[in-house]
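Working notes for the structure below.
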Protein chains: 2
Amino acid sequence: MNKRVTIKQIAIELNVSMMTVSRALNDRSNVDSRTKQRVLETAARLGYKPNYVAKSLALNKTFSIGVVFPEISHSFFPEVIKGIERVASKNEYQLILSYTAENQSREIQALQTLESKRVDGILISMAQDVDNTDHYKVLIDDGIPLTFFDRCATGLGASCVRIDDYQSALLVMKHLMGLGYEKIAHLHGPVELELGRQRLEGYKDAMKSGNLSFREEWLVESGFSEKGGYEAMNNILALRKPDMPEAVMCVNDPVAIGAMEAISLAGLKVPDDIAITGFTDDVRAKLIRVPLTTIEQPTYAIGKKAARKLLRHIASKDEEVEDIVLDTRLIVRESCGARKKSEKLSVL
Amino acid sequence: MNKRVTIKQIAIELNVSMMTVSRALNDRSNVDSRTKQRVLETAARLGYKPNYVAKSLALNKTFSIGVVFPEISHSFFPEVIKGIERVASKNEYQLILSYTAENQSREIQALQTLESKRVDGILISMAQDVDNTDHYKVLIDDGIPLTFFDRCATGLGASCVRIDDYQSALLVMKHLMGLGYEKIAHLHGPVELELGRQRLEGYKDAMKSGNLSFREEWLVESGFSEKGGYEAMNNILALRKPDMPEAVMCVNDPVAIGAMEAISLAGLKVPDDIAITGFTDDVRAKLIRVPLTTIEQPTYAIGKKAARKLLRHIASKDEEVEDIVLDTRLIVRESCGARKKSEKLSVL
DNA sequence: AAAAATAATGTTAGCGGTAACATTTTTTCT
DNA sequence: AGAAAAAATGTTACCGCTAACATTATTTTT
């Protein structure tokens, strides 16, 4: 391995100053075009590779943004990251990814490291068990642009790109209630997260507006995983017959899938015995035995919008803090019996 | 935003030299314990955050590794990355991710940027359309540890973590042939990739060893996507009846899923009319209407092993170059009729 | 208690690049 | 042609931190 080529060596080679070389390499205006030419040639000949570490130190800018996310196994976050990557790479930013596994301490650790790496900004989707926002405040106080996506912290003066969880929950509930379901349960996400609260509120308000009373036992926290959904559903299934809900609105698709598994193992059928709804439109939602009625989120767009917003925050300290809310869409499949009913109708 | 706290400020505050502060912060042995105590306290009080950019420049080490991968939408790579992340974060390395979208020029660009960012090493899975390996050689010549995973370039003296594609292909073929299929087609991946060639060789050798003749029309390149599988399958379906294969071995699950779509749209049934096999065990494989017989890869383990190997290369220039081959397993589901047949058997 | 060994701290220089200002060269203008 | 303006290049200092060597303070040894 040859010693790394530096600007200095190019300068010596051409008998000019380092600054001239630097200017030529960065395509500044005030360099003689012939000089620039010679510099470029020599750089190529010697195999010069700029050292971004040194450049970052001198410029106090790293051209990298941190992306902190809680989960990677399911389809939502990879797709969001793809959107982020698209925008970042177009703007010559690199992504430093940190996975938190839904764990607050890992999240804190990740943010500290990213700050020490002096990333120019951070995109973050909160971990499930985050119970306070001090570690975000530190970053904001230190002037590091921070933009949330999907799972946002409120009241910190940071931008956020998300869907309208409350309205989307209403959408789902309207659908269920329109199909005549009255006893509706909700496997909800962590109430520490705004997203969990909003979907829960949507559920409650929909029940209220439909004059439907609900039992406390119909509210079970499930987290966001299949396992959580499975266990939460088993709590529901353990209820006495008269207390058993006819439909269950799940906080997301993995939970819904876990719940369906529990229902199936209990010898019951979806949607005949219990209707199920999801949220997210996981790749699996349309493929499972009973395709899942769910909310479609503009996943890729969330990533792109979030990245764009962050880049604007990076470009200007005065960029306005925004709460960007993207539209969702209800996808009706078979897990609530709607399709079947309409099929029946068409047969009539 | 307060000005950033540096070692210098701590040094002035305590009236010691910067070196003493540096040593204390890095927990070196030869610092008076009381001094160390005072430094740590002051650092905490002032809100000192180490600047890794400066540290990296001084030490010529960035504690970050680049991960270059071609696809993120399906489940394979996210799972591998999860494995990589696990090992990296345990060793206090950060991941800089670069997504190439199966595109060689993006791959080249990504590698250049990573080199300029002076990552300590790079993990890479080749893009589909890579047709030469010069850009890898540059890195290797520059002494940057490079380890391939899943899709490896051979003959470059770089370590590689992968499965045995040839043997796995044989496994699939043996299964099909054991079920009595003789007219077997293969939707193959790009032959530029070792992986594509190996699976293709496995197919050919299996046919040969079974004394089965095959037509050239049964070999169709499909790439790695659903769309590619769909289109390639349509080529097969356009064959005259007597030339039609009874089974199709697909290079991976997305291709198999695309192929099944094409078959279904052609009004045919899997496995009754045509049997299908996949490769990868995508999350969807067991969920689709006709669950897919496929090869299970130790995805997470590939990530972990690759990361460990790379870290060892980083730690020592003398680390032996290895070709690490992990075991796979055939998962028999219903897309070849095997399950059904055995069910029939049990009824008898 | 003086010499030797050890521990603690300090000094200098450099990692590779760039901003800001200074100087020299070239061009433009009257 | 000489002054002024513009263009090209050079010099100095610094970004924040650490290695390597130098020095000073402390402890150990006989």
Side-chain angles (χ1 to χ4, degrees), chain A residues 1-40 42-43 46-64 113 115-120 142-143, chain B residues 1-40 42-43 46-64 113 115-120 142-143:
Chain A
M1 155 177 163
N2 312 334
K3 204 83 181 66
R4 279 246 146 80
V5 181
T6 67
I7 277 187
K8 190 169 182 183
Q9 286 167 54
I10 299 175
I12 291 171
E13 186 93 357
L14 292 174
N15 200 30
V16 295
S17 75
M18 285 169 60
M19 261 331 278
T20 300
V21 176
S22 171
R23 282 189 271 248
L25 290 172
N26 288 288
D27 205 25
R28 298 300 183 73
S29 57
N30 46 356
V31 195
D32 187 276
S33 61
R34 286 160 309 179
T35 310
K36 188 191 289 182
Q37 195 56 36
R38 291 196 304 146
V39 169
L40 261 34
T42 309
L46 299 181
Y48 171 76
K49 317 268 167 63
N51 184 330
Y52 288 176
V53 176
K55 188 163 188 158
S56 293
L57 182 60
L59 292 181
N60 196 28
K61 174 149 182 61
T62 55
F63 281 97
S64 48
T113 307
E115 179 168 11
S116 277
K117 289 226 169 183
R118 298 295 189 259
V119 292
D120 296 334
D142 286 350
Chain B
M1 156 176 162
N2 311 335
K3 204 83 184 66
R4 278 248 148 78
V5 181
T6 67
I7 276 187
K8 189 171 182 181
Q9 286 167 56
I10 300 176
I12 292 171
E13 186 93 359
L14 292 174
N15 199 30
V16 295
S17 76
M18 284 168 61
M19 260 332 278
T20 299
V21 175
S22 172
R23 282 189 269 249
L25 290 172
N26 288 287
D27 205 26
R28 299 300 182 74
S29 57
N30 46 355
V31 194
D32 188 278
S33 61
R34 285 159 311 178
T35 311
K36 186 190 291 180
Q37 194 57 35
R38 290 195 305 149
V39 169
L40 262 33
T42 309
L46 299 180
Y48 170 76
K49 319 266 168 63
N51 182 331
Y52 288 175
V53 176
K55 190 163 184 158
S56 293
L57 183 61
L59 292 181
N60 194 30
K61 175 149 183 62
T62 55
F63 280 97
S64 47
T113 307
E115 178 169 12
S116 277
K117 289 227 168 182
R118 298 294 190 261
V119 292
D120 295 335
D142 287 350

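Only this structure's heavy atoms are used, side chains among them; waters, hydrogens and symmetry mates stay out. Lettering follows sequence order; numbering is per chain, from 1.
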Atom-to-atom span, CG of Asn30(A) to P of dT18(C) - whole angstrom: 14 Å
Give the rounded distance in Å between these two atoms: CE of Met18(B) and C1' of dG14(C). 13 Å
dC17(D), dA20(C), dC15(C): which one has an atom nearest the side-chain heavy atoms of Tyr48(B)? dC17(D)
Base, sugar-phosphate or nothing for Val16(A)? Non-hydrogen atoms, less than 4.0 Å. sugar-phosphate
Nucleotide nearest Ser17(B) (side chain, heavy atoms from C-beta), chosen from dT11(C), dT18(C), dT9(D): dT11(C)
Say you draw a straight line from CG of Asn51(B) to CD1 of Ile7(B); how long is it, rounded to the nearest 0.5 Å? 9.5 Å
What does Thr35(A) touch in the nucleic acid at a heavy-atom separation under 4.0 angstrom: a base, only the sugar-phosphate, or nothing? sugar-phosphate
How long is the line joining NZ of Lys55(B) and C1' of dG14(C), in whole Å? 17 Å
Can you figure out which of dT18(D), dT9(C), dA19(D) approaches the side chain of Asp32(B) most closely? dT9(C)
Tell me, yes or no, whether the heavy-atom count around Asn60(B) atom CG, taken from other residues, nucleotides or ligands under 6.0 Å, exceeds 12. no
What nucleic acid atoms does Leu57(B) come within less than 4.0 Å of, heavy atoms only: base, sugar-phosphate, or nothing? base
Rounded to the nearest angstrom, tell me the gap between atom CG in Asp27(A) and atom P in dA8(D). 13 Å
What integer distance in Å separates Lys61(B):NZ from dC17(D):P? 19 Å
Which is more 5' along DNA chain D, the nucleotide nearest Thr20(A) or the one nearest Ala54(A)? Just name the residue. Thr20(A)
Ignoring hydrogens and geometry beyond distance, is a side-chain donor-acceptor pair present between Thr20(A) and Ser17(A) at under 3.5 Å? yes
Whole angstroms only, please: what is the CZ-P distance between Arg34(B) and dA7(C)? 15 Å
Winner on side-chain proximity to Met19(B), out of dG16(C), dT18(D), dT11(D), is dT18(D)
N/O donor-acceptor pair, side chain Arg23(B) with base dG10(C), under 3.5 angstrom: yes
Take atom CD of Gln9(A) and atom C1' of dC15(C), then tell me their distance rounded to the nearest Å. 13 Å
Could you pick out which residue, Ser29(B) or Lys49(A), lies toward the 5' side of DNA chain C when each is mapped onto its nearest nucleotide? Ser29(B)
Among dG17(C), dG16(D), dA8(C), find the nucleotide with the atom closest to the side chain of Ala58(A). dG17(C)
Is the closest basic N to carboxylate O distance between Glu115(B) and Arg4(A) below 4.0 Å? yes
So what does Leu59(A) hit on the nucleic acid, given a heavy-atom distance under 4.0 Å: a base, only sugar-phosphate, or nothing? sugar-phosphate
Arg28(A) near the nucleic acid: base, sugar-phosphate alone, or nothing, with a heavy-atom cut-off under 4.0 Å? sugar-phosphate
Using whole Å, report how far CD of Gln37(A) lies from P of dT9(D). 13 Å
d(Phe63(B) CZ, Lys117(A) NZ) to nearest 0.5 Å is 9.0 Å
Could you give the distance from CD1 (Ile10(A)) to CZ (Arg38(A)), rounded to the nearest 0.5 Å? 12.0 Å
